[in-house]
Amino acid sequence: MEESSYTGLPTSHLLGSVPAVVTEENNASKHVATSANMQIFPPNNGGDRGPGYNTLGSPTEAFEQQPANNWRGVFSISSYSEYFNVDTDVVLIRLISSLNPVAGDFFSKIDANPDLYGLIWISTTLVFVLASLGNLATFLMQKHVDNSTSWSFDVSYVNVAACSIYGYAIVVPLAYYFFLQYMGSNASLIRFWCMWGYSLTIFIMSSFLLIIPVEFLRWVIILLTGVASASFVALNLRSYIEGNELSVAIIAAFFLQMALAIFIKVWFFP
Amino acid sequence: MSHSDTIPLHPSSQSDIDEIENLINASVHQSVPSARPPSPPRASIPVSVSVSTAPSPFISSNLPPPPPLPKSSVSAVTPSPPPPRPGIATSGFGPAPNTLTEPVWDTVKRDLSRIVSNLKLVVFPNPYREDPGKALRDWDLWGPFFFIVFLGLTLSWSASVKKSEVFAVAFALLAAGAVILTLNVLLLGGHIIFFQSLSLLGYCLFPLDVGALICMLKDNVIVKVVVVCVTLAWSSWAAYPFMSSAVSPRRKALALYPVFLMYVSVGFLIIAID
């Protein structure tokens, strides 16, 4: 009897103590989970607030320091927001300035705040206008010649317009940037993209006039548009480039713009 | 003397036996409370009875009391495991079958109902239009994907030549367009959730989808122009509050113009492709 009683007591004690330990472990694990949840929330809040603070801070820094040091990597959207730091009225002023081919003061107007908004959306608008009005103009001309022609939409106009306009708007300023860097002049790629982008504005307006199905009138309109746009580019480039030995580059820019105008006429408004 | 010697020994052994019984009862009490609270008093009563009924001359009466105590403890322990285990099991496995074992049709039906409710919130009048957080709280990308593919297929079916190229242009215009429009708002300093914006722009295509379907069935150019103008205005009206509230008022036109341009492009494709 004594032996049995002694054996039973320790067993009951062990059984009694183990549940308590298990309970404590459960509580500890719950606390750990709670703290983990608490740790998860702050990074999200910080991440959400970070862009906000950066957005608020970047304009100030942009105004204070022209070489703004807000680069946060290729894949961060806030790295590029300084090139879109424009308001509606600023863009409208620049659009109106781009229609004046003889002023030559576009770079002084954009001063320290060049933008890429104009380049992107003027090019996109021009692509759409050329693709749509080009089809319409082609149809009108064919109907003018052959009255029984039926409407047929050529979707390849979209591809040609996109490749040509985007290619021109990106490659030509890039080529001039590297050329001027090579020649020793200080050049800003963003300013070049901005200037060449706004120079395409006049083509959008002339495209509506090019719908008129008169061949001679179309040539007159496109040549006037080409000369105006080319003058805008050449005169602004001349005011930007200081040396006189780079006049060949200015003349080349003039003829490149004329080439673009003629290409638009021949391909989209035959 | 020998008799007197034996008599004192018996009382001491009896007291030892009583102490052992008390210890056993105490251990039983410790285990019993967790199982059944009412059982301890019943167990204690027999102990006192046995003590009171145990006179020194009756030694054999000590043996019967121990057997009933373990029986009562066994009976107390037996019912304790079953009740909590089924409860835990039920609560543990409760939510799991609701999602994993449901029929596929239930899942599809739930997704479809969410798409319909999101569509109503975006393209039809409701008091939450100005607040994207409330208007499209439960955003998804199934609706936009369906509307983009539907519009691409409708346009390619309408085309008499170059069907695959028409589909490619339409799909690229809509899919890349939504992404670029969202990036445009972000670059202008706006604050929107990226995928919520994609979702909303996709839902705004619903009126143009309807317009494209009508234009595919009707071949009259005038009817096409009227239908596309109405659906274009409707899509622009649906997208306006979201985009205008995302950026500062001074840049509202810069954010809204690309959206309008995209819808005009889609509208032109609907009219032009025959």
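Just so it is clear: chains get the letters A, B, ... in the order the sequence lines come, proteins before strands, and each one is counted from 1.
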For the residue pair [X] and [Y], establish whether any side-chain heavy-atom pair is separated by less than 4.5 Å.
{"X": "F128(A)", "Y": "V264(B)", "result": "yes"}
{"X": "N184(B)", "Y": "W121(A)", "result": "yes"}
{"X": "L187(B)", "Y": "I77(A)", "result": "yes"}

Does [atom1] in [X] sit with more than 12 non-hydrogen atoms of other residues, nucleotides or ligands closer than 6.0 Å?
{"X": "L217(B)", "atom1": "CG", "answer": "yes"}
{"X": "Y80(A)", "atom1": "OH", "answer": "yes"}
{"X": "W267(A)", "atom1": "CH2", "answer": "no"}
{"X": "F194(B)", "atom1": "CZ", "answer": "yes"}
{"X": "F260(B)", "atom1": "CZ", "answer": "no"}
{"X": "K143(A)", "atom1": "NZ", "answer": "yes"}

At a heavy-atom separation under 4.5 Å, does [X] approach chain A through its side chain, its backbone, both, or neither?
{"X": "V169(B)", "result": "side chain"}
{"X": "L269(B)", "result": "side chain"}
{"X": "I273(B)", "result": "both"}

- Please step through side chain to side chain contact (heavy atoms under 4.5 Å, CB included) for the pair T125(A) and Y257(B), ending with a clear verdict. CA-CA 10 Å; T125(A) 306; Y257(B) 170 72; 2.6 Å; yes

- Task: Carefully, step by step, assess F153(A) and I271(B) under the rule side chain to side chain contact (heavy atoms under 4.5 Å, CB included).
- Result: CA-CA 10 Å; F153(A) 179 76; I271(B) 295 175; over 6 Å; no

- Please flag which part of D115(A) lies under 4.5 Å from any non-hydrogen atom of chain B: side chain, backbone, both or neither. neither

- Note on the structure: When the 4.5 angstrom heavy-atom criterion is applied to S150(A) and chain B, the contacting part is neither

- R251(B) side chain to V86(A) main-chain N or O, any donor-acceptor pair under 3.5 Å? yes

- Heavy-atom pair of closest approach, residues S156(A) and K162(B): OG-NZ, 3.6 Å

- Correct closest heavy-atom pair for A253(B) and Y117(A) would be O-OH, 4.4 Å

- Query: Nearest 0.5 Å, what's the CD1-OG1 distance between I180(B) and T124(A)?
  - Reply: 7.0 Å

